[in-house]
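Taking it in order: structure first as structure tokens, then the write-up.
Since the structure is predicted, the reported quantities are computational estimates derived from the model, not experimental observations. Letters A, B, ... are given to chains in the order of the sequence lines, protein chains preceding strands, and every chain is numbered from 1.
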There are 2 protein chains.
Amino acid sequence: MEKQIMDMCDNTCDGTETDLSTVKQQMVDEHSAYELAELFKALSDPTRVKLIGALLVNELCVHDLSVLLEMGQSAISHQLRYLRNLRIVKRRKSGKTVYYSLDDSHIEQIFVLTLQHLKHE
Amino acid sequence: MEKQIMDMCDNTCDGTETDLSTVKQQMVDEHSAYELAELFKALSDPTRVKLIGALLVNELCVHDLSVLLEMGQSAISHQLRYLRNLRIVKRRKSGKTVYYSLDDSHIEQIFVLTLQHLKHE
DNA sequence: CTAACATATGAATACTTGCTCATATAATAA
DNA sequence: TTATTATATGAGCAAGTATTCATATGTTAG
């Protein structure tokens, strides 16, 4: 434990000439790191990926999404709320049914770009 | 429960004219969904984001990363192993010290693209 | 009004995950 | 050899997460 704190005070390990303060200035800041992680976390679950993948094709209601993914209505609804809180999807109500669609072209781009990368290799 | 299974057999809910089988054909398949989620999961943690953000600037050894992120050596090492297993980072050994660097230009692109999106809004 | 349908949501639970601690491995120095 | 430095790793735990179940809300039909 004491040793660890000592290490923290040192600025380089033996054999490195890297200027850490320069790296620290250039690297992504604390706040951005959390924002990035939060955004990627939304895409880090297969169910959410499938939901986004489906909404990429068409606006769909909860029931249809539940049929498409072969999952319970409640699970779908919970995940849609998650994505809605992050403004990744939006909803449109029409009578009894609620239609969901994508609400963020950024996510759409990232999603499609990454999908292409996975396919072409 | 019985009701749920009934729902699954229906192909549309009232008020929808969406052809679900057509959507299913176009949407991302099961396997791709899991691959996408796995990839994004690697980027869904602030520590891993910071690690990648630092290695985006420079190749760095474990100790320096531990200093930069102000975290214990063990935590850093565990996360580096995680990223290494997914071939996101690679390592180069030089004497006692091990230098890590990015190993996947895809991830790099996605990371930078997303970072830009977050900044410009 | 009541019944049926569509969606939302709180609680419970099984599972996952990120960190710490202690220790192991590996390389170098004395 | 032993001591020191750098990194790796297994176990354990606390916190988080995705699903299910039961139920609530809201909408339309009869």
Discussion item. Is the shortest side-chain heavy-atom distance between A/Leu86 and A/Lys41 below 4.5 Å?
Written reply: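 No, too far: nothing below the 4.5 Å cut-off.
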Roughly, in whole Å, what's the span from [atom1] in [X] to [atom2] in [N]?
X       : N      : atom1 : atom2 : answer
A/His63 : C/dA4  : NE2   : P     : 17 Å
A/Arg48 : D/dT19 : CZ    : P     : 8 Å
B/Tyr34 : C/dT16 : OH    : P     : 11 Å
B/Leu80 : D/dT7  : CG    : P     : 10 Å
B/Tyr99 : C/dA26 : OH    : C1'   : 16 Å
A/Leu86 : D/dT17 : CG    : C1'   : 14 Å
B/Ile76 : C/dT20 : CD1   : P     : 9 Å
B/Tyr82 : C/dT17 : OH    : C1'   : 9 Å

Practice prompt. Apply side chain to side chain contact (heavy atoms under 4.5 Å, CB included) to the pair B/Leu60 and B/Tyr100, showing each step before the final yes or no.
Written response: CA-CA 5 Å; B/Leu60 287 161; B/Tyr100 279 83; over 6 Å; no
Practice prompt. Tell me, with the steps shown, if A/Leu65 and A/Leu55 meet side chain to side chain contact (heavy atoms under 4.5 Å, CB included).
Written response: CA-CA 9 Å; A/Leu65 286 167; A/Leu55 296 179; 4.2 Å; yes
Fill in: Flag, side chain of B/Asp104 to backbone of B/His106, donor-acceptor distance under 3.5 Å
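Flag set: sc B/Asp104 to bb B/His106 pair under 3.5 Å.
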Practice prompt. At under 4.0 Å between heavy atoms, which parts of nucleotides 25-30 of chain D does protein reach? Answer with one letter per nucleotide, 5' to 3': B base, S sugar-phosphate only, - none.
Written response: -SBS--
Discussion item. Going by the rule side-chain hydrogen bond (donor to acceptor under 3.5 Å, both in side chains), which residues pair with A/Arg91 if we only count those two or more places apart in sequence or in a different chain?
Written reply: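 Testing A/Arg91 for side-chain hydrogen bond (donor to acceptor under 3.5 Å, both in side chains), a comparison that skips the adjacent residues, returns none.
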Discussion item. Please enumerate all residues that pass ring-ring contact (aromatic ring centres under 6.0 Å, His included) together with B/Phe40, with sequence neighbours excluded.
Written reply: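 Counting only residues at least two positions away or on another chain, B/Phe40 forms a ring-ring contact (aromatic ring centres under 6.0 Å, His included) with A/Phe40.
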Please name all residues satisfying side-chain contact (heavy atoms from CB on, under 4.5 Å) with [X], sequence neighbours left out, ordered by chain then number.
X        : result
B/Arg87  : B/Asp103
A/Glu108 : A/Leu56, A/Leu102
B/Gln26  : A/Val57, B/Thr22
B/Ser32  : A/Leu115, B/Val28, B/Asp29

Worksheet item: In terms of side-chain heavy atoms of A/Thr97, which of D/dT19, C/dT9, C/dA6 is nearest?
Response: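 Closest nucleotide to the A/Thr97 side chain: C/dA6.
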Discussion item. Under 4.0 Å from OP1 or OP2 of D/dA8: is there any side-chain N or O of B/Tyr100 that close?
Written reply: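 Answer is yes, contact under 4.0 Å.
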Worksheet entry | Any A/Arg91 side-chain nitrogen or oxygen under 4.0 Å from OP1 or OP2 of C/dT7 |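 It does not, given that no N or O in the side chain of A/Arg91 lies less than 4.0 Å from OP1 or OP2 of C/dT7.
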Quick test: give all pairs of protein nitrogen or oxygen and nucleotides 10-15 of chain D nitrogen or oxygen below 3.5 Å, distance rounded to 0.1 Å.
from   : atom 1 : to      : atom 2 : distance (Å)
D/dG10 : OP2    : B/Arg81 : NH1    : 3.3
D/dG10 : O6     : B/His78 : NE2    : 2.9

Worksheet item: Is a donor-acceptor contact shorter than 3.5 angstrom present between the side chain of A/Gln73 and the base of C/dA6?
Response: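 No.
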Discussion item. Ignoring hydrogens and geometry beyond distance, is the side chain of A/Gln79 in donor-acceptor contact with the base of D/dA18 at under 3.5 Å?
Written reply: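 Check fails, no donor-acceptor contact within cut-off.
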Fill in: Pairs meeting criterion salt bridge (Lys or Arg N to Asp or Glu O under 4.0 Å) with involvement of residues 47-60 of chain B, two or more places apart
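Output for this query lists A/Glu30-B/Lys50, B/Glu59-B/Arg92.
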Discussion item. Go nucleotide by nucleotide along DNA chain D from the 5' end; which of A/Ala75 and B/Val98 gets its closest nucleotide reached first?
Written reply: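 Its nucleotide being nearer the 5' end, the pick is B/Val98.
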Item to complete: Only counting residues at least two apart or in another chain, list the ones meeting salt bridge (charged side-chain N to carboxylate O under 4.0 Å, His left out) with A/Lys93.
Response: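 Scan of A/Lys93 (salt bridge (charged side-chain N to carboxylate O under 4.0 Å, His left out), adjacent residues dropped) gives none.
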Discussion item. Near DNA chain C, counting only heavy atoms under 4.0 Å, which residues of residues 36-46 of chain B show up?
Written reply: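 Output list: B/Lys41, B/Asp45.
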